[in-house]
Amino acid sequence: MLSAIIGKKLTDIYTVGFIYPEEEKTEFTPDLRWIYFEFEDILIEFESFEQYSRLRMQRVLDVRYCFEQDEDMIKVKSSVREFVLISSLLANNLVKETVLIDGTEENCAAAKIVLENGQTIFIDPGFPYGIGVGGKEQEAYWCYAKT
């Protein structure tokens, strides 16, 4: 599956969560157990599982809201592309390489995506509340924390 994104543009990155609209200050609460990467016509869901220690990937047709929902919650999706990518110009964001660390797409310790522009996107399932996304520094910290 990840080989299918080689040469494709990384077009967006989404988090999912919810809001309670009746609160005085409506605030988006993300559920970082899931994050979605969109590569042109391919959408990949990354899921943190096994108490935030492992990562699972699967191709999906649409962003899903897998968390339990109260009646008064509104499900929300939020793009974080501008926070993650060093260039929002999509032409610069072609996928050059994908790497799974210690496992397969169904169960690995972490993953990284390397773009043609030199940016590394490291996907770390080990954050206290789900998936963390960072660059080379996040990968170095992940390696340090594992020793």
K.L.:
Would you say the ring centers of Phe127 and Tyr129 fall short of 6.0 Å from each other?
P.N.:
no

K.L.:
Heavy atoms only: give me the nearest Phe28-Ile19 pair and the separation to one decimal.
P.N.:
CA-CG2, 3.7 Å

K.L.:
Taking salt bridge (Lys or Arg N to Asp or Glu O under 4.0 Å) as the definition, give me every residue that meets it alongside Glu47, ordered by chain and number, with sequence neighbours left out.
P.N.:
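Applying salt bridge (Lys or Arg N to Asp or Glu O under 4.0 Å) to Glu47 gives Arg56.
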
K.L.:
Give a yes or no answer on whether the side chain of Tyr36 reaches the backbone of Arg64 with a donor-acceptor pair at less than 3.5 Å.
P.N.:
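It does hold such a pair.
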
K.L.:
Side chain of Glu45, backbone of Val60: donor and acceptor closer than 3.5 Å?
P.N.:
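Not confirmed, Glu45 side chain does not pair with Val60 backbone.
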
K.L.:
Identify, with sequence neighbours excluded, every residue that meets side chain to side chain donor-acceptor pair (under 3.5 Å) alongside Thr104.
P.N.:
Glu106

K.L.:
Distance check, rounded to the nearest 0.5 Å: Asp62 atom CG versus Lys77 atom NZ?
P.N.:
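Rounded to the nearest 0.5 Å, the CG-NZ separation comes out at 6.5 Å.
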
K.L.:
Out of curiosity, Thr98 OG1 to Ile5 CD1, how far, rounded to the nearest 0.5 Å?
P.N.:
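Separation between the atoms: 5.5 Å.
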
K.L.:
Looking only at non-hydrogen atoms, find the nearest pair between Glu40 and Lys9 and report the distance.
P.N.:
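Smallest interatomic distance, heavy atoms only, reads OE2-N, 2.8 Å.
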
K.L.:
Report the C-alpha distance between Leu10 and Ile113 in whole Å, list the side-chain angles of each, state the deciding distance to 0.1 Å, and finish with yes or no for side-chain contact (heavy atoms from CB on, under 4.5 Å).
P.N.:
CA-CA 10 Å; Leu10 174 53; Ile113 299 166; 5.5 Å; no

K.L.:
When you measure from the side chain of Thr11 to the backbone N and O of Glu38, does any donor-acceptor pair fall under 3.5 Å?
P.N.:
yes

K.L.:
Are Tyr144 and Phe122 co-members of a hydrophobic cluster defined by side-chain heavy atoms under 4.5 Å apart?
P.N.:
no

K.L.:
Quick one: do Val133 and Leu32 end up in the same hydrophobic cluster if we chain Ile, Leu, Val, Met, Phe, Trp and Tyr together by side-chain heavy atoms under 4.5 Å apart?
P.N.:
no

K.L.:
Find out if a path of hydrophobic residues (ILVMFWY) with successive side-chain heavy-atom gaps under 4.5 Å connects Ile101 to Leu55.
P.N.:
no

K.L.:
With a 4.5 Å cut-off on side-chain heavy-atom distances among I, L, V, M, F, W and Y, is there a chain of contacts connecting Val84 to Phe39?
P.N.:
yes

K.L.:
Is it true that, when you exclude Gln51 itself, more than 12 heavy atoms of the residues, nucleotides or ligands shown sit nearer than 6.0 Å to its CD?
P.N.:
no

K.L.:
From Glu137 CD over to Thr120 OG1, what is the distance, rounded to the nearest 0.5 angstrom?
P.N.:
9.5 Å

K.L.:
Is the shortest heavy-atom distance from the side chain of Thr29 to the side chain of Val76 under 4.5 Å?
P.N.:
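No; the side chains remain at least 4.5 Å from each other.
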
K.L.:
Any side-chain heavy atom of Asn93 within less than 4.5 Å of one from Asn117?
P.N.:
yes

K.L.:
Would you check, one step at a time, whether the test side-chain contact (heavy atoms from CB on, under 4.5 Å) holds for Tyr14 with Val16?
P.N.:
CA-CA 7 Å; Tyr14 302 107; Val16 293; 5.6 Å; no

K.L.:
Let me see the working for Phe37 and Ile123 under side-chain contact (heavy atoms from CB on, under 4.5 Å), right down to the final yes or no.
P.N.:
CA-CA 11 Å; Phe37 281 64; Ile123 304 154; 3.9 Å; yes

K.L.:
Looking only at non-hydrogen atoms, find the nearest pair between Asn107 and Phe49 and report the distance.
P.N.:
CG-CZ, 3.7 Å

K.L.:
If two hydrophobic side chains count as joined below 4.5 Å and joins carry through other members, does Val95 share a cluster with Val114?
P.N.:
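No, it is not one cluster - the side chains of Val95 and Val114 are not joined through contacts under 4.5 Å.
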
K.L.:
What pair of heavy atoms forms the shortest contact from Val80 to Thr15, and how long is it?
P.N.:
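Heavy atoms only, the tightest pair is CG1-CG2, 4.1 Å.
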
K.L.:
Give me the atom names and distance for the closest heavy-atom approach of Ala110 to Pro125.
P.N.:
CA-CD, 4.1 Å

K.L.:
Under the side-chain contact (heavy atoms from CB on, under 4.5 Å) criterion, do Met57 and Leu100 qualify, and how do the steps go?
P.N.:
CA-CA 10 Å; Met57 288 153 264; Leu100 298 176; 3.2 Å; yes

K.L.:
Could you work out, with salt bridge (Lys or Arg N to Asp or Glu O under 4.0 Å) as the rule, every residue matching Lys8, not counting sequence neighbours?
P.N.:
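With neighbours one apart ignored, the set is Asp41.
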
K.L.:
Can you see which heavy atom on Gln119 is nearest to which on Ile86, and at what distance?
P.N.:
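Here Gln119 and Ile86 meet closest at OE1-N, 2.9 Å.
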
